[in-house]
Amino acid sequence: MRRIAQSTAYNLMVLIVQSSDHVTGLASATLTITASKAGGVYASITPTVTELGNGNYVLSLTSAHTNTIGDLALHISATSGDPVDVYSQIDTLEASMARVSATITNKHVLNPADGTVKIYDDSGALLYSGLAYSDAAGTVLYDGTAAIHHTTRLT
């Protein structure tokens, strides 16, 4: 399940396949989307939908779509297409990560070619080694206990 920070815009990609063979991507579809926030009743939403090709579409969720902590369930349908259900977890990820990044401002962050990040204190002691991710502003995200949270792998 993907995790999305509360009240942030998020581009979600979905694949819609033809109901005739359940494999081939459905082109030029008009998507009907309903959402359930935190177990609530499904209601229609209208995010901007961009077709990428081969049945792939991007739903541009707004902060209004992601404003409720808990499960965000989307049901997506289109004429001549198989319906798709997508589940995400909305949480306060960004706020908690901001607190962590503030505590490592005087630390050295290295990014080896294997995609791991090593964080040292000023005396050279290793504080963290492992995969890390960055937010849209490029802030390294980890919680100090080696748990990884977020979306973009550093390279």
Side-chain angles (χ1 to χ4, degrees), residues 1-105 109 111 113-117 119 128 130-155:
M1 179 180 297
R2 76 184 36 85
R3 295 177 70 189
I4 301 172
Q6 182 184 20
S7 298
T8 60
Y10 186 84
N11 289 328
L12 185 137
M13 187 184 299
V14 296
L15 171 65
I16 306 295
V17 296
Q18 295 179 20
S19 56
S20 59
D21 67 6
H22 312 291
V23 175
T24 306
L26 181 64
S28 302
T30 299
L31 305 184
T32 300
I33 306 161
T34 58
S36 168
K37 296 179 180 182
V41 175
Y42 277 87
S44 180
I45 64 169
T46 55
T48 299
V49 176
T50 304
E51 183 175 3
L52 300 177
N54 301 315
N56 290 288
Y57 296 82
V58 172
L59 312 180
S60 295
L61 300 177
T62 67
S63 60
H65 298 128
T66 63
N67 64 356
T68 304
I69 292 176
D71 292 334
L72 174 64
L74 301 179
H75 180 77
I76 305 154
S77 60
T79 302
S80 301
D82 285 341
V84 174
D85 292 300
V86 178
Y87 303 95
S88 301
Q89 178 68 39
I90 306 299
D91 62 26
T92 57
L93 177 67
E94 292 295 330
S96 65
M97 290 300 103
R99 286 192 298 275
V100 170
S101 65
T103 66
I104 63 169
T105 55
V109 179
N111 185 21
D114 64 0
T116 62
V117 169
I119 301 175
Y128 173 81
L131 293 178
Y133 295 75
S134 66
D135 63 13
T139 302
V140 174
L141 303 179
Y142 83 110
D143 69 5
T145 61
I148 304 304
H149 307 287
H150 214 48
T151 56
T152 307
R153 183 175 174 162
L154 296 171
T155 56

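The shortest non-hydrogen separation linking His65 to Lys37 is O-CE, 3.5 Å. Between Tyr57 and Ala29, the closest heavy-atom pair is OH-N, 3.0 Å. Pro83 and His75 make their closest contact through CB-CE1, 3.7 Å (heavy atoms, listed as atom of the first residue, atom of the second, distance). When all heavy atoms of Ile90 and Gln6 are compared, the closest pair comes out as CG2-CA, 3.6 Å. Among all heavy-atom pairs drawn from Ala5 and Thr66, the shortest one is O-OG1, 4.1 Å. Between Met1 and Tyr87, the shortest heavy-atom distance links the atoms CG-O, 3.6 Å.
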Full working for side-chain contact (heavy atoms from CB on, under 4.5 Å) between Ile33 and Val49 = CA-CA 10 Å; Ile33 306 161; Val49 176; 4.0 Å; yes

Show your working on side-chain contact (heavy atoms from CB on, under 4.5 Å) between Leu15 and Val84 and close with a plain yes or no.
-> CA-CA 8 Å; Leu15 171 65; Val84 174; over 6 Å; no

Intermediate values then yes/no, side-chain contact (heavy atoms from CB on, under 4.5 Å), Asn11 and Ser60 | CA-CA 5 Å; Asn11 289 328; Ser60 295; 3.0 Å; yes

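Remark: Ile45 CD1 to Thr32 OG1 distance equals 11.5 Å, nearest 0.5 Å. The CG atom of Leu26 lies 8.5 Å from the CG atom of Leu31; values are rounded to the nearest 0.5 Å. Taking CG of Leu72 as the start and CG of Asp91 as the end, the distance is 12.0 Å to the nearest 0.5 Å.
Side-chain contact check for Asp82 and Ser19: no donor-acceptor pair (N or O, by modelled atom type) lies under 3.5 Å.
Checked against Leu59 for a side chain to side chain contact (heavy atoms under 4.5 Å, CB included), the options Leu74, Thr46, Thr50, Thr48 give a single hit: Leu74.
Panel note: side chain Asp21, backbone Val23; a donor-acceptor pair is recorded below 3.5 Å.
Counting non-hydrogen atoms of neighbouring residues, nucleotides and ligands closer than 6.0 angstrom, the CG atom of Asn54 reaches no more than 12 such neighbours.
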